[in-house]
Amino acid sequence: MWWKNRIFGGNAYQVLLWFVLYSILGWLVESIYMSICNRKITNRGFARGPMCPIYGFGALTVFFILRPYSENPFRLFVLGMFLATTLEFVTARIMQRVFGEIWWDYQEKPFNYQGIICLESSIAWGFYTVALFLFLHKMIVSMVDCVPARAGKILGSVIMGAYLIDFMLTVYREKKSDLEDVLEESDERERRFL
């Protein structure tokens, strides 16, 4: 079964559950933070469910790439700033190409680049990277280790399946809405022309 495959030194089962937990934790932290900033409940996920996969991908990418530097907090901080900021920038460009928009805006922040990245977030990514190696990943690993493997495989599969369906439905709704907007604009131009 594919669960036994090795991915960057861990088995697929562990990596999948780490990804799920980081995605949920990232969604939770960002939703709480933005709810406080907006003074109303704010879902920071793209889809309706409680996951932000960018945090899962980001945390695991940073963990696997920077693991050789795990004994040097300063180097982790600097490399984490750079790597996570690069991931944020690339994600924004992909989102802009696929969806025509980016779901965050740093225009109001000092030292920002096109509202996509900013110094404040880059510094935060550096601190998150150090925290990831000092305690966060150990916590995630111990949580996964507490779940019996059979239950974890079922739970991981159900969560990822539900998220993929949620994601595809959200993409469909977004694309359908975009198409309706384009058709409405076209009709409006036609009426003006006639």
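Residue numbers count from 1 along this sequence. Keep in mind that this is a model prediction, so the values were computed, not measured.
Taking Lys109 as the reference, Glu120 meet the salt bridge (Lys or Arg N to Asp or Glu O under 4.0 Å) condition, with sequence neighbours excluded. Every salt bridge (Lys or Arg N to Asp or Glu O under 4.0 Å) that Glu30 has, sequence neighbours left out, goes to Arg44. Applying the side-chain contact (heavy atoms from CB on, under 4.5 Å) test to Ile117 and every residue at least two apart in sequence or in another chain returns Thr85, Glu88, Phe89, Tyr113. With sequence neighbours excluded, no residue forms a ring pair (Phe, Tyr, Trp, His ring centres under 6.0 Å) with Phe82. With sequence neighbours left out, Phe57 forms a ring pair (Phe, Tyr, Trp, His ring centres under 6.0 Å) with Phe19. For Val78, the side-chain contact (heavy atoms from CB on, under 4.5 Å) criterion is met by Phe74, not counting sequence neighbours. Shown here are the side-chain contact (heavy atoms from CB on, under 4.5 Å) partners of Asn112, two or more places apart in sequence or in another chain: Tyr106, Gln107, Cys118. Partners of Tyr69 according to the ring pair (Phe, Tyr, Trp, His ring centres under 6.0 Å) rule, which considers only residues two or more places apart in sequence or in another chain, do not exist here. With sequence neighbours excluded, no residue forms a side-chain hydrogen bond (donor to acceptor under 3.5 Å, both in side chains) with Arg75.
Not a single donor-acceptor pair under 3.5 Å links the side chain of Ser31 to the backbone N or O of Leu28.
Taking CG of Leu25 as the start and CG of Leu136 as the end, the distance is 6.0 Å to the nearest 0.5 Å. Rounding to the nearest 0.5 Å places CG of Leu21 at 5.0 Å from CE of Met143. Note that CG of Asp166 is 9.5 Å distant from CE of Met51, once rounded to the nearest 0.5 Å. Expressed to the nearest 0.5 Å, how far CD1 of Ile159 lies from CG of Leu17 amounts to 7.5 Å. Taken to the nearest 0.5 Å, the CG atom of Leu66 stands 9.5 Å off from the OG1 atom of Thr61.
Other residues sharing the hydrophobic cluster of Tyr33, ordered by chain and number and joined by side-chain separations under 4.5 Å: Met34. Hydrophobic clustering, defined by side-chain heavy atoms of Ile, Leu, Val, Met, Phe, Trp and Tyr closer than 4.5 Å, groups Trp125 together with Ile54, Tyr55, Tyr128.
Thr129 has its side chain out of reach of Leu79: every pair of non-hydrogen atoms, C-beta onward, lies at least 4.5 Å apart. Residues Leu132 and Tyr22 are in side-chain contact: their nearest non-hydrogen atoms beyond the backbone lie under 4.5 Å apart. Within the 4.5 Å cutoff, no side-chain heavy atoms of Leu76 are placed close to those of Glu71. With contacts defined as side-chain heavy-atom distances shorter than 4.5 Å, the pair Pro53/Tyr163 qualifies.
Shortest non-hydrogen contact noted between Phe133 and Ser70 is CD2-CB, 3.6 Å. Of all heavy-atom pairs between Trp104 and Ile116, the closest is NE1-O, 2.8 Å. Minimum heavy-atom separation, Val15 to Leu60: O-CD1, 3.8 Å.
Hydrophobic clustering, with ILVMFWY side chains joined whenever heavy atoms are under 4.5 angstrom apart, keeps Phe167 apart from Leu169. The hydrophobic clustering, which links ILVMFWY residues whose side-chain heavy atoms are closer than 4.5 Å, places Val29 and Val130 together. No path of Ile, Leu, Val, Met, Phe, Trp and Tyr side chains, each step under 4.5 Å between heavy atoms, connects Met160 with Met168, placing them in separate hydrophobic clusters. Residue Val62 is grouped with residue Ile94 when hydrophobic side chains (ILVMFWY) are merged at heavy-atom distances under 4.5 angstrom, including chains of intermediate members. Taken together through direct or relayed side-chain contacts under 4.5 Å among Ile, Leu, Val, Met, Phe, Trp and Tyr, Leu164 and Tyr13 form parts of separate hydrophobic clusters.
Taking the six-membered ring where the residue is Trp, His137 and Phe63 present parallel rings, their angle staying beneath 30° rather than reaching 60°.
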(request) Given side-chain contact (heavy atoms from CB on, under 4.5 Å), test Phe135 with Met139 step by step and report yes or no. (result) CA-CA 6 Å; Phe135 65 88; Met139 180 182 80; 5.6 Å; no
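Pairs passing the salt bridge (charged side-chain N to carboxylate O under 4.0 Å, His left out) check and including a residue from residues 129-147, sequence neighbours excluded, do not occur.
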